[in-house]
Amino acid sequence: MRPILLGALLGLTLLAGAGGLGYWWLGFKAAAIAASTFNVPPDTVAIPSDASAITEGERLAWLHGCHGCHGDSLQGKVFVDEPRVIRLIAPNITQAIRSYDDAEVVRLIRHGVKRNGTAAFAMPSAGFYHLSDADVGRIVAHLRATPVRGDTWPPTEIRLFTKVALVRGEVPTDAGTMDHRAARLGADADTSQVALGRYRASAICSECHGVTLRGQDNAPALVQALGYTLPQFTSLMLDGRARDGRDIGLMGTTARRRFRRLTTREVEGIWNYLRSLPLAAPR
Ligand code: HEC
Ligand code: HEC
């Protein structure tokens, strides 16, 4: 073989080797980052067991999207499946929580920290943080009362682009970014209708519209709500109808599946609360 060819071959082999090594390093590094733990203690609250608390817990779990992401009977589902990005599983809650004690479930909901201390990807816990002890207790009571059903899912598969993003520090989790000691809205002594609206909006609407409600990804700043009269807003919340009849996609389906469970007082409270916010200010 001519020396120049030999050199090229050798170069290619070295490159492939370096590529393989780089890929291995990326996987190793990404796994280490995903495995980092958070020092948040389990969060003890009283878990009720009476039927009315369990029924209210079911309503709250629907409102806060537990069923939206984990499936109608909490049996789990593939939440995102993008080639080269991630196959993210929202696990089967009915099975998963058998290994959790109550304080660990409350920590997972309010702090986004799993039983083993790692962050739960995609759990909107910065909003759930505001759930009061009574409400989070009712949600856990509902989870505990739901019979074990459905399949066991394979673990989440973190793929190339997410590995790169993890290593670059571009995959924020709520556990990693939220303030785990902030004042909790749900513990507020103010029981007015507006305070109820603020409490619900902060834990529910924040999932998509961002913690400041000034918009995030495809969900606009809730300054949008100011153009709605109360009857129009009620129809948006309970039937998923925009005031101009436009198809509002995810917002419409989310309202019809989840927000139709809001009480009149909650809808009015959210409407009034949104009107009291400086929503037009830049994010
Ligand atoms: C936006 C979607 C979304 C919402 C809303 C959501 N979850 Fe999750 N949840 C996930 C995903 C995705 C995971 C997996 C996270 C991971 O593996 O890192 C998860 C993880 C969990 C786990 C951990 C299971 C385990 O394997 O350790 C439990 C329990 C859970 N969620 C309960 C809830 C409850 C209760 C609610 C409602 C208060 C809720 N989730 C709302 C997406 C969601
Ligand atoms: C699961 C995600 C999700 C949640 C939770 C959510 N929204 Fe939305 N919302 C959206 C998206 C996405 C849009 C943009 C829809 C479009 O224009 O296609 C939107 C649009 C809106 C609009 C503008 C409607 C218009 O006329 O263009 C209002 C008002 C609104 N949401 C209010 C709320 C309120 C109040 C809550 C809490 C009770 C909430 N949303 C919770 C995703 C969500």
Side-chain angles (χ1 to χ4, degrees), residues 34-35 57 60-71 74 76-80 86-100 104-110 112-125 127-128 131 135-136 138-140 142-144 146 152-153 155-158 171 173-175 197 200-210 213 215-228 232-233 236-238 240-255 257-259 261-262 266-267 269-271 273-274 279:
L60 291 170
W62 270 100
L63 282 177
H64 290 81
C66 317
H67 300 80
C69 290
H70 289 273
L74 303 175
K77 67 181 191 193
V78 179
F79 185 60
V80 184
I86 199 166
R87 186 170 189 272
L88 178 59
I89 307 292
N92 182 331
I93 297 186
T94 67
Q95 290 176 350
I97 63 157
R98 302 295 137 180
S99 60
Y100 275 67
E104 288 166 341
V105 185
V106 174
R107 173 177 64 178
L108 173 88
I109 296 173
R110 291 209 291 207
V113 174
K114 291 197 277 194
R115 184 163 186 269
N116 62 8
T118 63
F121 278 105
M123 277 281 293
S125 293
F128 297 161
L131 283 165
D135 280 350
V136 79
R138 292 178 183 121
I139 292 176
V140 175
H142 160 61
L143 303 181
R144 292 274 185 229
T146 305
T152 307
W153 295 88
T156 283
E157 200 183 303
I158 298 179
V171 187
T173 55
D174 279 20
R200 290 284 181 247
S202 305
I204 299 174
C205 316
S206 59
E207 175 195 337
C208 300
H209 292 277
L213 304 180
Q216 173 180 285
D217 302 332
N218 301 328
L222 284 187
V223 63
Q224 292 282 346
L226 304 190
Y228 280 72
Q232 285 168 339
F233 186 71
L236 173 70
M237 289 293 104
L238 305 185
R241 263 198 295 263
R243 67 191 167 119
D244 53 8
R246 214 167 11 101
D247 176 7
I248 42 166
L250 179 65
M251 180 64 206
T253 47
T254 303
R257 276 171 55 75
R258 289 169 46 185
F259 305 152
R261 293 173 176 80
L262 288 167
E266 286 170 331
V267 172
I270 295 172
W271 185 76
Y273 169 61
L274 294 177
L279 285 168

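Along the sequence shown, residues carry numbers from 1. Every number for a ligand or one of its atoms is a count from 1 in the order of the listing.
Closest heavy-atom approach to atom 28 (C) of ligand 1 among the candidates I86, L108, N92, I93: L108. Taking only non-hydrogen atoms, the option from G65, A90, C69 nearest to atom 2 (C) of ligand 1 is C69. Taking only non-hydrogen atoms, the option from R200, Q216, Q224 nearest to atom 23 (C) of ligand 2 is Q224. Closest heavy-atom approach to atom 20 (C) of ligand 1 among the candidates P91, G57, G68: P91.
Counting the atoms of ligand 2 from 1 in the order shown, those under 4.0 Å from a heavy atom of I204 are 5 (C). Distances below 4.0 Å separate heavy atoms of R246 from the following atoms of ligand 2: 17 (O), 25 (C), 26 (O), 27 (O).
Using a 4.0 angstrom heavy-atom cutoff, P124 counts as in contact with ligand 1. In this structure, M237 is part of the shell of residues with a heavy atom less than 4.0 angstrom from ligand 2. Assignment of L236 to the shell around ligand 2 is supported, since a heavy atom sits closer than 4.0 Å. Within the 4.0 Å heavy-atom shell around ligand 1 one does not find V140. Every heavy atom of A34 sits 4.0 Å or more from the atoms of ligand 1. Under the 4.0 angstrom criterion for non-hydrogen atoms, R115 is not in contact with ligand 1.
Contacts between L88 and ligand 1 below 4.0 angstrom, taking non-hydrogen atoms only, involve the side chain exclusively. Of all the heavy atoms of F79, the ones lying under 4.0 Å from any atom of ligand 1 belong exclusively to the side chain. The residue T118 has no part lying near ligand 1, judged by heavy-atom distances below 4.0 Å.
Scanning the protein heavy atoms around atom 16 (C) of ligand 1, the nearest turns out to be K114 NZ, 3.2 Å. Nearest to atom 12 (C) of ligand 2 among the protein's heavy atoms is N218 O, 3.9 Å. Given atom 26 (O) of ligand 2, the protein heavy atom at minimum distance is Y228 OH, 2.6 Å.
For atom 8 (Fe) of ligand 2, the set of protein N/O/S atoms nearer than 2.8 Å consists of H209 NE2, M251 SD, ordered by chain and number.
Side-chain contact between L74 and H67 is present, with at least one heavy-atom pair separated by less than 4.5 Å. A heavy-atom distance below 4.5 Å is found between the side chains of R87 and V78. Annotation: side chain of F233 is not in contact with side chain of R243 (no heavy-atom distance under 4.5 Å).
Side-chain atoms of W62 never come within 3.5 Å of backbone atoms of G68 as a donor-acceptor pair (strictly under, hydrogens ignored).
The pair R261-E266 does not meet the salt-bridge criterion, since no charged nitrogen lies less than 4.0 angstrom from a carboxylate oxygen. Salt-bridge check for D135 with R200: passed, with a basic side-chain N closer than 4.0 Å to an acidic carboxylate O.
At a cut-off of 2.8 Å, C66 does not coordinate atom 8 (Fe) of ligand 1 through any N, O or S atom.
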